Amino acid sequence: QVHMVESGGGLVQAGGSLRLSCAASGRTFRMYGMGWFRQAPGKGREFVAAISWSGDSTYYADALKGRFTISRDNAKNTVYLQMNSLKPEDTAVYYCAAGSDSGNSRDYGYWGQGTQVTVSS
């Protein structure tokens, strides 16, 4: 069982940066691949980035490569999402998920409650 809590969301101007954190409980955290997804109002949940259990492999949505960086610290049971050069279209609720490193949300068994990111123009 893994329980996650996201933090770091907020309001930022276009061009700014935010770093999201996802703190996980459970001894098995380091065994899981982790992912970040987002959901904008009126839209479906969208893959953002994923990272393997070891942190050696990372994956990104094509449209976000170069602006977003996923990382993890297994000693702290935390996964991060660094978001740079933010755009208004990045506005969404961001969720972390555990259980896979794929881009398919159905492969993940555990989800956080989400954190709101709002980018103003």
Side-chain angles (χ1 to χ4, degrees):
Q1 187 77 14
V2 180
H3 178 66
M4 290 92 70
V5 178
E6 302 97 331
S7 62
L11 175 64
V12 63
Q13 287 190 330
S17 297
L18 283 174
R19 188 175 82 153
L20 305 183
S21 299
C22 174
S25 62
R27 295 177 297 172
T28 58
F29 168 80
R30 61 197 65 194
M31 296 173 58
Y32 288 105
M34 299 289 294
W36 284 97
F37 291 78
R38 68 185 184 183
Q39 188 164 15
K43 296 187 177 182
R45 194 162 292 188
E46 174 188 23
F47 171 69
V48 174
I51 188 166
S52 63
W53 68 271
S54 65
D56 289 344
S57 299
T58 57
Y59 310 91
Y60 297 93
D62 288 343
L64 302 177
K65 287 179 182 177
R67 293 197 299 123
F68 288 17
T69 302
I70 189 171
S71 61
R72 68 189 295 164
D73 185 340
N74 284 343
K76 296 182 178 179
N77 277 12
T78 302
V79 63
Y80 305 97
L81 183 69
Q82 177 68 43
M83 305 185 294
N84 298 328
S85 302
L86 283 162
K87 305 175 181 180
E89 51 263 43
D90 294 319
T91 295
V93 177
Y94 284 71
Y95 298 90
C96 70
S100 177
D101 57 10
S102 83
N104 189 335
S105 62
R106 287 174 289 187
D107 292 337
Y108 293 79
Y110 305 99
W111 292 84
Q113 84 290 348
T115 186
Q116 177 70 47
V117 171
T118 303
V119 184
S120 63
S121 57

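Computed from heavy atoms alone, side chains included, the values below leave out hydrogens, waters and symmetry copies. All values reported here derive from a predicted model rather than from experimental measurement. FYI, the numbering just counts along the sequence from 1.
Within the structure, the salt bridge (Lys or Arg N to Asp or Glu O under 4.0 Å) test picks out no pair touching residues 69-81 (sequence neighbours left out). The stretch residues 29-84 participates, sequence neighbours left out, in no disulfide bond (SG atoms under 2.5 Å apart) pair at all. Residue pairs that meet the disulfide bond (SG atoms under 2.5 Å apart) test with at least one member in residues 52-121, sequence neighbours left out, are C22-C96. Within the structure, no pair that satisfies the salt bridge (Lys or Arg N to Asp or Glu O under 4.0 Å) test touches residues 105-114, not counting sequence neighbours.
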Table please: side-chain donor-acceptor pairs of residues 41-48 below 3.5 Å, with sequence neighbours left out.
| unit_1 | atom_1 | unit_2 | atom_2 | d |
| --- | --- | --- | --- | --- |
| E46 | OE1 | R38 | NE | 2.8 |
| E46 | OE1 | R38 | NH2 | 3.4 |

Please tabulate, for side-chain N and O atoms in residues 79-86, each donor-acceptor pair with protein atoms closer than 3.5 Å (sequence neighbours left out).
| unit_1 | atom_1 | unit_2 | atom_2 | d |
| --- | --- | --- | --- | --- |
| Q82 | NE2 | N84 | OD1 | 2.9 |
| N84 | OD1 | S17 | OG | 3.0 |

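In terms of the side-chain contact (heavy atoms from CB on, under 4.5 Å) criterion, residue partners of T118 (sequence neighbours excluded) are, by chain and number, L11, T91, Q116. Residues forming a side chain to side chain donor-acceptor pair (under 3.5 Å) with K65 (at least two apart in sequence, or on another chain): D62. Applying the side chain to side chain donor-acceptor pair (under 3.5 Å) criterion to T78, with sequence neighbours excluded, gives no partner residue. Partners of Y110 by ring pair (Phe, Tyr, Trp, His ring centres under 6.0 Å), not counting sequence neighbours, listed by chain and number: Y32. With sequence neighbours excluded, no residue satisfies side chain to side chain donor-acceptor pair (under 3.5 Å) with R19.
Between A92 and A40 the shortest heavy-atom distance is CB-N, 3.8 Å. Among all heavy-atom pairs drawn from Y60 and I70, the shortest one is OH-N, 2.9 Å. Nearest heavy-atom pair, W53 versus N74, reported as atom, atom and distance to 0.1 Å: O-ND2, 3.1 Å. What you find for Y108 and S102 is that their closest heavy atoms are OH-O, 2.5 Å.
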Checklist line | Test side chain to side chain contact (heavy atoms under 4.5 Å, CB included) applied to Q113 and M4, step by step | finding: CA-CA 8 Å; Q113 84 290 348; M4 290 92 70; over 6 Å; no

Checklist line | side chain to side chain contact (heavy atoms under 4.5 Å, CB included) between V117 and L18, worked out | finding: CA-CA 9 Å; V117 171; L18 283 174; 3.9 Å; yes

Next item on the list: Please lay out, stage by stage, how Q39 and Y94 fare under the test side chain to side chain contact (heavy atoms under 4.5 Å, CB included).
Entry: CA-CA 7 Å; Q39 188 164 15; Y94 284 71; over 6 Å; no

Next item on the list: Show your working on ring pair (Phe, Tyr, Trp, His ring centres under 6.0 Å) between F37 and W111 and close with a plain yes or no.
Entry: CA-CA 10 Å; F37 291 78; W111 292 84; 5.2 Å; yes

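Interatomic distance, S52 OG to M34 CE, rounded to the nearest 0.5 Å: 12.0 Å.
Using a 4.5 Å cut-off between side-chain heavy atoms of Ile, Leu, Val, Met, Phe, Trp and Tyr, with links allowed through other members, L64 and I51 fall into the same hydrophobic cluster. One hydrophobic cluster, built from ILVMFWY side chains closer than 4.5 Å, holds both F68 and V119.
When atom types are taken as modelled, the side chain of Y59 and the backbone of G35 share no donor-acceptor pair closer than 3.5 angstrom.
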